[in-house]
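Okay, so here's the structure we're looking at.
In what follows, chains carry the letters A, B, and so on, assigned in the order in which the sequence lines appear, proteins first and then strands, with residues in each chain numbered from 1.
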Amino acid sequence: MKAIKAIGWTMIGTGTLILLFLAYQLVFTNFITARAQDAAAEQLDERFDALRQALPEPERVEVLPPTAEATEDTTPDPEGEVALFSEPAPESGEEFGRLIVPALDLEHIMFEGVDRVTLKNGPGHMPWTPLPGQPGNAVLSGHRTTYGAPFFNFDQLAAGDEIIVETLLGSHTYAVRESVIVKPTDVWVTEPKVGAWLTLTTCNPRFSARERLVVFAELVDGPNFAYAQAAKDGLIDLVRA
Amino acid sequence: MRKLFEALPGPLAARVIIAIVLVIVLLILLGFLFDFAGTLLDDGGTIGP
């Protein structure tokens with residue numbers, strides 16, 4: 001009788017612990033992130049106000065003579081150059097921009113870094129990749145089911161959906177090109193790319209960290225669009241640039 | 001629960017303080033445990049070796 005009672009209490013205790021765990025992960029962590037996002041929203045506006053006046057002049061990059069493959073979107077100025085706008089790199093853990101996905105009604109402040117502490121505040125930028133809005137492959141990671149679950153519905157993104165990133169330079173619009181499911185160790189998704197790309201990574205499936213859902217989006221508008229397009233068309237000597 | 005409380009050493013005031021400290025320590029440990037176990041549900045979605 002005593003043993004049955006002990007087993008009963010153990011099961012009740014285990015069940016309570018599991019319920020507490022789920023409540024902590026699926027509810028409480030959302031409050032932590034919501035608080036961090038609220039605080040970051042104010043600090044981001046202050047950062048933009050303080051640094052926008054001191055942005056460096058855009059670099060003028062020479063455009064090579066066009067080839068037959070060049071698209072009409074490449075619009076170098078009459079002097080045969082395109083502008084390359086850059087912005088100062090944010091500090092580790094610092095908020096540096098907004099991620100907006102109209103199709104999912106999503107708006108989140110982005111932070112610099114993909115360590116566990118930073119990702120509790122919101123989507124994070126892999127520091128060894130270019131900043132969003134810059135040429136190359138900018139990589140962002142975010143939680144799928146906990147800590148605000150910013151990327152919860154990313155499986156619903158379809159080719160052509162817009163992803164807007166606001167940084168110090170202004171607004172950069174990307175269009176979703178492709179989604180893939182990979183292993184967490186598939187680092188090829190973060191490798192440099194020609195043009196300007198935004199790669200968003202999150203856990204897959206929901207409630208599991210077994211795989212990664214990766215969304216690739218390409219820059220279609222923004223300060224560095226002409227540069228990215230010229231680079232994609234092979235009109236920029238990337239070795240020299 | 002009451003038996004556990006009564007098993008604590010010292011007078012009533014000391015037992016109350018010990019109980020509060022134990023509960024706080026337990027909650028902190030539980031927080032760490034939940035945080036660690038949470039990475040099984042969602043580890044942030046990063047890519048890396």
Does [X] make a cation-pi contact with [Y], if we ask for NZ or CZ under 6.0 Å from the ring centre and within 45° of the axis?
X	Y	value
A:K193	A:F216	yes
A:R144	A:F154	no
A:R47	A:F96	no

Interchain contact, [X] with chain B, by part (heavy-atom threshold 4.5 Å):
X	answer
A:F207	both
A:Y147	side chain
A:L17	both
A:V182	side chain
A:L200	neither
A:V187	both

Check each atom of B:L33 against the heavy atoms of chain A and say whether the ones under 4.5 Å are side chain, backbone, both or neither.
->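 Neither part.
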Measure distances from B:I47 to the heavy atoms of chain A and classify the residue's part below 4.5 Å as side chain, backbone, both or neither.
->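 Both the backbone and the side chain of B:I47 come within 4.5 Å of chain A.
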Given the options A:C203, A:G124, A:A149, which has more heavy-atom pairs under 4.5 Å with chain B than any of the others?
->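 Ranked by contacts with chain B, first place is A:C203.
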With chain B, which of A:Q25, A:H143, A:R116 has the greatest number of heavy-atom pairs at distances under 4.5 Å?
->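 Going by pairs under 4.5 Å, I would pick A:H143.
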Side chains of A:T146 and A:T29, donor plus acceptor under 3.5 Å |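 Checked: A:T146/A:T29 side chains show no N/O donor-acceptor pair below 3.5 Å.
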Between A:D161 and A:A158, is there a donor-acceptor pair closer than 3.5 Å when you use the side chain of the first and the backbone of the second?
->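 Side chain of A:D161 to backbone of A:A158, a donor-acceptor pair under 3.5 Å: yes, one is there.
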Does a sphere of radius 6.0 Å around CD in B:E6 hold more than 12 heavy atoms from other residues, nucleotides or ligands, not counting ones at 6.0 Å or beyond?
->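 It does: B:E6 CD has more than 12 such atoms within range.
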